[in-house]
Amino acid sequence: MLEGDSGRRYAESLMVHFRRVERLKQEAVQCPSVDLNARQVCDLELLLNRALYPLEGFMGRGDYECVLDSMRLEEGTVWPVPICLDLPEAVASRLELGGLLGLRDPEGFLLAILQVSDVWAPDKTREAEAVFGTSDPEVHPGVRRFLEQTHPFYVGGRIEGLHLPQHYDFSQLRLPPSETHRRFSQNGWRRVIGFQTERPLHCAHKEMIQHAAREVGASIFLQPVVGHGVWGRVDHFTRVRCFQEFAARFPRNMIDVGLLPMALRHAGPREALLQAIVRRNFGCTHFMVADDQADPYACQNGAERFYPQYKAQHLVQEYAGETGIDMVPLKHMVYVEDKAQYLPQDEVPEGMRVKEISSRELERRLEFDLQIPEWFSFPEVVRELRVAHPPRHKQGFTVFLTGLSGAGKSTLAKVLYVRFMEMRDRPVTLLDGDIVRKNLSSELSFTREHRELNVRRIGFVASEITKNGGIAVCAPIAPYEDSRRLNRELIEGYGGYIEIFMATPLTVCEQRDRKGLYAKARAGVVQGVTGIDDPYIPPSDPELEIDTSEMTPTEAAQEVLLYLEEQGYIR
Ligand SMILES: Nc1ncnc2c1ncn2[C@@H]1O[C@H](COP(=O)(O)OS(=O)(=O)O)[C@@H](OP(=O)(O)O)[C@H]1O
Ligand SMILES: Nc1ncnc2c1ncn2[C@@H]1O[C@H](COP(=O)(O)OP(=O)(O)O)[C@@H](O)[C@H]1O
């Protein structure tokens, strides 16, 4: 670490001098390179700007093993979470120890050069057990993402930075550690308390943060995470605008806001400790920690947490002497109606009435255009949320019909299309299985891989339509749960997603046999027909289930419309 201008200590970035940039660029021509994904770019940026000090590159195998076993780097420094670069076998097999690897952004722009010190195939189950406390993807969504989305090989080595990742959004809030150190010193902030958040903040948070800051006599560095893995329905731009409005509610010179491009893992206590170390590197002296910090279920009201309550706080506290940053516990605040003020939950006088609005209830009020009281949030924050989160009847949505050939998908989709067009309030697009197969997916066959790809393509188009406030009516067979789940996850981020299982039995579909497909399958002329010699996995939790054996298309459409009306999507 280097000495800053007023006694604060910070490390110099890993960016090289511009003359060396040219040399490295020339060397990169000869060496293999890899286009990083969004998660990896986040890690790289924090390595380059030294938010992950003392790391000087992606971890090698020695550090990796030590971190898993004892939460320390080989040389002894406390470090809770591996920071490794994962690669597919095709790239890993081309690397030589001591050789160079170019690290590019997703568009191929060269950001850094890594000198390869280690390449290995990690035991991901062991890593998940050590870092997350489980390797079961069913009980921990962070583990699921880790197991599904990390490549099988790791490469470690020191890095030299040529260019920092480009951010065109909110550039005035992109503060690297060198800049926060400078600002804190300039403002005369001896004590700075860091606060990490992913979600928009309201009145209770202001009270909570102010309460914590007062306890230690510190100024506040509000550092929302805007990197990879942020969950929730509020889009990036709205969230940041909400944070700006929120910060404007504090006394001047008491708060500063900076965005942190960090890849979230939701690894509970270990991740909380990493967050604390990062804040130390930004110049904070204290860090606020919730009793469920970095828990994968932390933001879900009512959901049971994965990690034991307070474990994150205890771990950050336990290592405070070594990390050099103190833990300040966050107190849950509630609005005490009889006093017209917020109090920590455990300090509410007996018998007093308290009020709270859960995040699910807030979402419901936004969805249905209902009142949000001023004791709960600031009008400026609510205004931002309402712009981004129009009531359901103004949102886009996708109706996704899935079922066997002949189940009635296309017919129902056509009736719905007409009904929505008659309403004339949103643009409507019909993505029928046959039409998509002719245009978007003309080169695809009916293998599992191609069917999944076809369904994902439909999901992507539907998500764009939904994002822009339109109605997408999709009608593919979509026989597999995986692609349907991924579509749901994607589209629910933008608006409504209504999955309708067309549960018409095979016998009825076969009798209808509009296209003669079943006859051909039975005669052995065509192979791999869904329902005959190819699987159809029924949805496990569809919004609606419709069996068209004993109802007309108009009646089926009416069922869907009644559901949409009840849910507030149409009126
Ligand atoms: N082997 C096989 N299995 C199933 N279906 C077949 C097959 N070969 C051709 N067809 C015709 O293609 C239509 C289904 O295409 P989809 O794109 O909806 O299928 S999938 O979602 O990709 O599984 C489907 O149309 P619908 O009857 O409208 O469902 C079939 O007529
Ligand atoms: N309630 C209903 N909804 C949809 N289709 C029905 C219904 N009742 C009978 N049908 C008939 O069933 C057939 C379904 O064919 P289609 O809509 O092309 O199915 P898919 O798109 O699922 O292959 C059509 O001939 C349609 O007229």
Side-chain angles (χ1 to χ4, degrees), residues 398-420 429-463 472-488 490-491 498-539 542 544-563:
T398 291
V399 177
F400 193 93
L401 307 169
T402 163
L404 296 171
S405 173
K409 304 182 298 295
S410 308
T411 309
L412 177 54
K414 274 181 219 141
V415 182
L416 288 174
Y417 176 80
V418 171
R419 291 281 185 278
F420 294 143
T429 307
L430 184 57
L431 294 164
D432 189 43
D434 301 326
I435 301 168
V436 172
R437 284 261 169 199
K438 283 199 189 91
N439 300 287
L440 205 57
S441 293
S442 56
E443 86 287 16
L444 299 186
S445 69
F446 288 90
T447 59
R448 174 172 185 157
E449 194 196 349
H450 278 190
R451 285 181 195 261
E452 299 259 40
L453 185 55
N454 176 43
V455 172
R456 295 293 312 276
R457 284 182 186 171
I458 294 173
F460 173 73
V461 177
S463 75
V473 185
C474 313
I477 295 179
Y480 299 109
E481 189 81 42
D482 276 357
S483 42
R484 293 193 304 248
R485 178 176 53 80
L486 289 165
N487 282 353
R488 176 188 286 278
L490 177 67
I491 295 166
I498 300 97
E499 183 179 67
I500 303 178
F501 172 34
M502 302 297 285
T504 316
L506 177 65
T507 42
V508 177
C509 298
E510 206 169 344
Q511 265 164 22
R512 289 176 179 166
D513 205 7
R514 289 218 313 156
K515 299 174 187 164
L517 184 68
Y518 291 109
K520 281 188 198 154
R522 294 288 182 199
V525 181
V526 186
Q527 269 84 41
V529 170
T530 310
I532 306 296
D533 55 352
D534 218 50
Y536 178 82
I537 317 295
L544 276 179
E545 191 170 319
I546 293 181
D547 177 349
T548 64
S549 336
E550 279 164 17
M551 63 169 85
T552 65
T554 327
E555 284 167 353
Q558 184 63 8
E559 277 209 19
V560 181
L561 295 174
L562 286 177
Y563 176 83

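Quick note: residue numbers are just sequence positions, from 1. Atoms within each ligand, like the ligands themselves, are counted from 1 in listed order.
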Out of all atoms in ligand 2, which are within 4.0 Å of some heavy atom of Thr411? Include the element for each. 4 (C), 5 (N), 14 (C), 15 (O), 16 (P), 17 (O), 24 (C), 26 (C)
Strictly distance-based, threshold 3.5 Å: is any side-chain N or O of Asn454 a donor or acceptor partner for the main-chain N or O of His450? no
With heavy atoms under 4.0 Å as the rule, classify the contact between Val436 and ligand 1 as side chain, backbone, both or neither. neither
Atom 20 (P) of ligand 2: the protein heavy-atom neighbour that sits closest, reported with distance to 0.1 Å: Gly406 N, 3.4 Å
Heteroatom proximity flag, Ala478 to ligand 1, N/O under 3.5 Å: yes
For ligand 1, indicate whether the residue Val526 contacts it via side chain, backbone, both or neither (heavy-atom separation under 4.0 Å). neither
So does Leu440 get a backbone contact from the side chain of Arg457, meaning a donor-acceptor N/O pair under 3.5 Å? yes
Tell me, which protein residue and heavy-atom name are nearest atom 2 (C) of ligand 2, and how many Å apart are they? Thr548 CB, 3.3 Å
Can any side-chain N or O of Arg484 pair as donor or acceptor with the backbone N or O of Ala478 at less than 3.5 Å? yes
Near Leu404, which atoms of ligand 2 are under 4.0 Å from a heavy atom of that residue? 22 (O)
Starting from atom 21 (O) of ligand 2, find the nearest protein heavy-atom neighbour and note its residue, name and distance. Ser410 OG, 2.6 Å
Is it true that His450 lies under 4.0 Å from ligand 1, counting heavy atoms only? no
So does Val455 get a backbone contact from the side chain of Asn487, meaning a donor-acceptor N/O pair under 3.5 Å? yes
May I ask you to check whether Pro479 has an N/O atom sitting below 3.5 Å from an N/O atom of ligand 1? no
Check each heavy atom of Lys409 against ligand 2 and say whether those closer than 4.0 Å belong to the side chain, the backbone, both or neither. both
I'd like to check whether Ala407 has a polar contact with ligand 2, where a contact means an N/O of the residue lying under 3.5 Å from an N/O of the ligand. yes
Consider every N or O of Gly408 and every N or O of ligand 2, then say whether any pair is closer than 3.5 Å. yes
Which residue supplies the protein heavy atom nearest to atom 25 (O) of ligand 2, what is that atom called, and how far is it? Arg514 CD, 2.8 Å
Got a second to check how far Arg522's CZ is from Leu517's CG, nearest 0.5 Å? 11.0 Å
Would you please say whether a donor-acceptor pair under 3.5 Å links the side chains of Thr548 and Thr504? yes
Any atoms of ligand 2 less than 4.0 Å from a non-hydrogen atom of Met551? List them with their elements. 1 (N), 2 (C), 7 (C), 8 (N)
Any donor-acceptor N or O pair under 3.5 Å, side chains Thr530, Arg451: yes
Which option out of Glu452, Lys520, Arg437 puts a heavy atom nearest to atom 22 (O) of ligand 1? Arg437
Taking a cutoff of less than 4.0 Å between a non-hydrogen atom of the residue and any ligand atom, is Thr530 in contact with ligand 1? yes
Nearest non-hydrogen contact to atom 28 (O) of ligand 1 from the set Lys515, Arg514, Lys409, Arg451 belongs to Lys515
Give a yes/no on ligand 1: does Val455 have at least one heavy atom closer than 4.0 angstrom to it? yes
Heavy-atom nearest option to atom 11 (C) of ligand 2, drawn from Glu559, Arg512, Glu555: Arg512
